[in-house]
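Inspection log for the structure reproduced underneath, given as structure tokens.
Keep in mind that the numbers below use all heavy atoms, side chains included, and drop hydrogens, waters and symmetry copies.
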Amino acid sequence: MTAKNYAGLLGVILVLVGGMCPMLRVPIMGNWNYWDIDTVLASIVYTLAALALLAAVTGKQGLLRFSGWFLLLTLIFTLAAVYFKVNDYFSFIPLKKLAAAASRMIKFKWLGWGLMFAGAFIIILFSGKNKVAMTTEKTPAPVI
């Protein structure tokens, strides 16, 4: 295995650990990780992480790059969806200031998000194509 494969493994481990870290602090309910936020998106992310793990072990750089980019897009989508859901969750309360105060009670825990994004970036950065070293030696002309 090359250094790029080990970096891909590190990225996969960061994604897996980040998904288990708290990502939201909801009053009364406690801390939520990725599985508590949305099980379907968590299943997609963990399937992509397993695919990236397989690609890193077998040395498939294209598959590793694909799973890294798709992981990043899924994480951005999830973060945006959670942000809008938190800000819209208490819209049923008729008093706007009370609804805003209630939505401010839900806090983002950035350690889990940061680990997952860092893992996706590491997967993308180290999934580049292997460059073949070009030699500058000139071959002698054939003697006739």
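- In this structure, Leu24 CG and Tyr83 OH are separated by 13.0 Å, a value rounded to the nearest 0.5 Å.
- Between the CG atom in Leu48 and the CG atom in Leu72 there is a gap of 11.5 Å [rounded to 0.5 Å].
- Nearest heavy atoms, Pro27 versus Ile106: CD-CG1, 4.1 Å.
- Counting heavy atoms from C-beta outward, Thr78 and Tyr34 have side chains that approach closer than 4.5 Å.
- Of the possible donor and acceptor atoms, one in the side chain of Arg65 sits under 3.5 Å from a partner among the backbone N and O of Ser127.
- When all heavy atoms are compared, the tightest approach of Ile123 to Gly68 is CG2-CA, 3.5 Å.
- Closest non-hydrogen pair, Ile37 versus Val82, comes out as CG2-CG2, 3.5 Å.
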(message) Under the criterion side chain to side chain contact (heavy atoms under 4.5 Å, CB included), I'd like the reasoning laid out for Leu16 against Met116: C-alpha separation, chi angles, the key distance, then a yes or no.
(response) CA-CA 7 Å; Leu16 294 175; Met116 292 187 80; over 6 Å; no

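- The side-chain heavy atoms of Ile122 and Phe126, taken from C-beta on, include a pair separated by under 4.5 Å.
- In the hydrophobic cluster analysis, where Ile, Leu, Val, Met, Phe, Trp and Tyr join through side-chain heavy atoms closer than 4.5 angstrom, Trp32 is grouped together with Phe117.
- Across Gly8 and Leu64, no two heavy atoms sit closer than the pair CA-CD2, 4.3 Å.
- Ring orientation note: the planes of Trp110 and Phe108 are close to parallel, at an angle under 30° on the 30°/60° scale.
- Leu71 and Ile13 fall into different hydrophobic clusters, defined by Ile, Leu, Val, Met, Phe, Trp and Tyr side-chain heavy atoms under 4.5 Å apart, directly or through other members.
- Residue Ser67 comes nearest to Leu51 through the heavy atom pair CB-CD2, 4.4 Å, listed as atom of the first residue, atom of the second, then distance.
- Using a 4.5 Å heavy-atom cutoff, the side chains of Met20 and Trp35 are in contact.
- With contacts defined as side-chain heavy-atom distances shorter than 4.5 Å, the pair Cys21/Asn33 does not qualify.
- Distance CG/Leu79 to CZ/Phe84: 10.0 Å, rounded to 0.5 Å.
- Atom OH of Tyr46 has more than 12 neighbouring heavy atoms from other residues, nucleotides or ligands inside a 6.0 Å radius.
- At least one donor-acceptor pair closer than 3.5 Å links the side chain of Trp113 to the backbone N or O of Met23.
- Closest approach of Ala49 to Val15, counting heavy atoms only: CB-CG1, 4.3 Å.
- By the 4.5 Å heavy-atom criterion applied to side chains, Asn5 and Val57 are not counted as neighbours.
- Asn31 places no side-chain N or O within 3.5 Å of a backbone atom of Arg25 that could act as its donor or acceptor partner.
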